[in-house]
Amino acid sequence: MARKFNVTGACNPKRHYMVDLTSRLKEIRIMVEDGDYFTINRGRQYGKTTILRALAVNLEKDYEVVSLDFQRLGSMAYENEPSFVEAFSRIVLAYGKNFPEDIRREFTALRDRTAGTGSLQVLFDVLTHWCGESERPIVLLIDEVDTATNNQIFLDFLAQLRADYLDRDIKPTFQSVILAGVHDVRNIKRKIRPDEEHKVNSPWNIAADFLVNMNFQARDIAGMLREYEQEHGTGMDIEAVSQDIFDYTNGYPVLVSRICKLLDERIPGMDGFPTLAAAWTAEGVVHAVGMMLMEKNALFESLIEKVDAYPELKSILSDILMNGAEISYNPDLASIQLAEMYGFVRREGTKVVIANRIFETRLYNYFLSAEKERKSEMYRLGEREKYQFVKNGELNMKAILERFAVSFDDLYGDRDERFIEDDGRRFFLLYLRPIINGVGNYYIESRTRNNERTDIIIDYLGKQIVCELKIWRGNAYNERGEQQISDYLDYYHLDTGYMLSFCFNKNKKVGVHEVTVGEKTLVEAVV
């Protein structure tokens with residue numbers, strides 16, 4: 001059976017194209033050998049289950065590996081201690097290997113509720129007996145711990161693991177315990193009191209820091225594509241395509257795999273991409289990103305669901321995206337904790353930035369498509385006028401700026417400086433989105449985004465357009481901006497760039513003009 005790119009469930013190297021996990025497994029194995037207890041907490045579809053399964057195979061020659069999935073416990077497991085002990089014993093018997101016969105009998109008795117009271121203490125007595133009798137050290141892997149984190153019994157289970165870890169010099173216990181899920185069990189928000197008060201508990205503060213980078217780097221993607229190329233012979237530029245995919249995804253595993261899957265299975269045969277070789281190009285990657293941004297899938301549904309559920313999360317994302325705010329990284333802020341835990345943001349130096357371009361664009365689309373935004377006059381203008389800006393398959397960016405400058409001045413020219421500074425860029429994105437929607441996509445270059453400058457990169461039918469949005473701070477400042485965008489055009493190998501300046505000078509001349517900077521042409525609109 002031919003291998004495929006996988007975006008659902010764990011990956012299997014016999015059935016799927018995969019990034020080489022060797023270096024990551026080596027790092028994790030060192031933690032196991034050191035006897036660490038730790039958590040692998042990352043956002044949804046981040047490859048946690050895949051790495052756990054690969055780790056189990058990697059360790060099984062030297063350790064007794066017990067790999068459990070708490071989704072298999074069932075919701076009834078958390079009604080009381082006997083129910084939890086029964087369910088836990090059931091999956092240990094189903095998925096454990098190489099039990100001594102007396103240990104098997106003890107777990108069977110717990111499963112059938114014929115031993116003791118079925119308490120956690122009885123369960124841990126059996127686990128201690130097993131660790132002491134086993135010929136090899138036992139490593140416990142538990143996936144999907146999120147299914148258990150909001151109840152007292154699971155917290156008591158973690159507390160008992162912690163107690164055994166602290167006593168491991170005087171009684172047998174696991175060599176290592178590894179829990180995987182989205183939420184960090186070292187800091188669980190839980191609801192257990194009758195008055196519904198939410199508390200924060202740390203029942204597992206013995207957990208070692210897990211610093212293994214789960215993101216795919218461009219070289220990782222290139223290694224996977226080399227295997228694909230050996231089987232398909234597309235002639236692609238592996239290094240260039242890998243870098244393009246990384247630039248859009250920042251190595252978020254399922255986003256990488258989804259782009260590759262679209263390039264392999266969906267894009268060949270579409271207009272402009274008659275063959276597999278035509279798909280595996282820079283233009284193909286842009287098209288795949290556009291397709292993915294229009295999809296409804298579990299990852300994006302979770303993204304928006306969390307934004308709607310947590311006002312503080314929505315606020316910080318909106319500040320970064322819509323207001324160009326520079327947010328300093330502070331691990332004590334609940335909003336940053338949430339955004340980082342769910343994989344929406346990452347730390348870059350001392351700042352918080354959106355995790356990748358795809359999340360960024362999806363979130364921009366979400367904020368700009370809110371009901372109140374769709375009702376804005378600028379959005380409706382973009383919808384009405386969009387067909388006049390495309391000719392022979394090319395986007396006429398100069399015409400867009402010309403029309404926007406006139407419309408913005410008519411609608412908002414009499415507003416005060418604060419309004420324009422806070423909302424000007426948002427109105428341009430509202431105008432632009434319906435024009436390119438469904439055909440092109442855009443993202444904001446995070447390295448240049450702040451409250452005075454934003455670089456928008458527009459991908460339209462395989463061609464890129466760079467447009468800088470800036471707040472006018474005088475001629476000298478503007479000239480520096482022109483030189484900056486000229487340098488930026490070199491990076492994208494473009495000869496023409498665009499600039500939209502929001503000027504507060506009452507004597508300003510609204511309109512569009514061209515500026516030559518070296519060998520580059522800048523089309524600048526002033527509003």
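Keep in mind the model is a prediction, meaning the values are calculated, not measured. One is the number of the first residue; the rest follow in order along the sequence.
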Residues 216-223, side-chain donor-acceptor partners within the protein, below 3.5 Å, at least two apart:
| from | atom 1 | to | atom 2 | distance (Å) |
| --- | --- | --- | --- | --- |
| D220 | OD2 | R24 | NH2 | 2.8 |
| D220 | OD2 | Q217 | N | 2.8 |

- Assign the ring pair Y228 / F5 to parallel, tilted or perpendicular, where the plane angle (0 to 90°) is split at 30° and 60°. tilted
- Task: Would you please indicate if the ring centroids of H287 and F273 are separated by under 6.0 Å?
- Result: yes
- Indicate whether the side chain of Y248 and that of N441 have a donor and an acceptor atom separated by less than 3.5 Å. no
- Message: Is it the case that the side chain of D490 and the backbone of H493 share a donor-acceptor pair, with hydrogens and angles ignored and the cut-off at 3.5 Å?
- Response: no
- To the nearest 0.5 Å, atom NZ of K398 lies from atom OG1 of T521 at 10.0 Å
- Message: Measuring from atom CD of E402 to atom CG of N396, what distance do you get when rounded to the nearest 0.5 angstrom?
- Response: 7.5 Å
- Message: Classify the ring geometry of Y431 against F389: parallel below 30°, tilted from 30° to 60°, perpendicular beyond 60°.
- Response: perpendicular
- Item | N41 backbone acceptor or donor facing T39 side chain under 3.5 Å | no
- Do F408 and F428 make the cut of ring centroids closer than 6.0 angstrom? no
- Task: Run the numbers on Y442 and L429 for side chain to side chain contact (heavy atoms under 4.5 Å, CB included), then give the verdict.
- Result: CA-CA 10 Å; Y442 64 93; L429 291 175; 4.2 Å; yes
- Query: Relative to the ring of Y252, is the ring of Y46 parallel (under 30°), tilted (30 to 60°) or perpendicular (over 60°)?
  - Reply: tilted
- Qualifying residues under side chain to side chain contact (heavy atoms under 4.5 Å, CB included), relative to T49, sequence neighbours excluded: A10, R53, D143, E144
- Task: Examine the side chains of Y17 and E231 and answer whether a donor and an acceptor come within less than 3.5 Å of each other.
- Result: yes
- Message: Can a donor-acceptor pair be found, under 3.5 Å and without considering hydrogens, that links the side chain of S302 to the backbone of A298?
- Response: no
- Criterion salt bridge (charged side-chain N to carboxylate O under 4.0 Å, His left out) on E377 and R380, from CA distance to verdict: CA-CA 5 Å; E377 184 62 26; R380 290 198 294 263; 3.0 Å; yes
- Message: Just verifying a value: how many Å separate M292 CE and K261 NZ, rounded to the nearest 0.5 Å?
- Response: 13.5 Å
- E229 side chain to T234 main-chain N or O, any donor-acceptor pair under 3.5 Å? yes
- Message: Less than 3.5 Å apart, any donor N or O on the side chain of R433 or N365 sitting next to an acceptor on the other?
- Response: yes
- Message: What I want to find out is whether R346 reaches E340 closely enough, with some N-O distance under 4.0 Å, to be called a salt bridge.
- Response: no
- Query: Going by atom types alone, do D247 and Q243 pair a side-chain donor with an acceptor below 3.5 Å?
  - Reply: yes
- Message: Applying side chain to side chain contact (heavy atoms under 4.5 Å, CB included) to M224 and C260, what does each step give before you reach the verdict?
- Response: CA-CA 10 Å; M224 178 173 63; C260 291; 4.1 Å; yes
- Measure from the side-chain N and O atoms of T361 to the backbone N and O of R357, and report whether any donor-acceptor pair falls under 3.5 Å. yes
- Task: Check the pair I259 / I358 against side chain to side chain contact (heavy atoms under 4.5 Å, CB included), numbers first and verdict last.
- Result: CA-CA 11 Å; I259 290 175; I358 291 174; 4.1 Å; yes
- Note on the structure: Across all chains, not counting sequence neighbours, the salt bridge (charged side-chain N to carboxylate O under 4.0 Å, His left out) partners of K351 are none
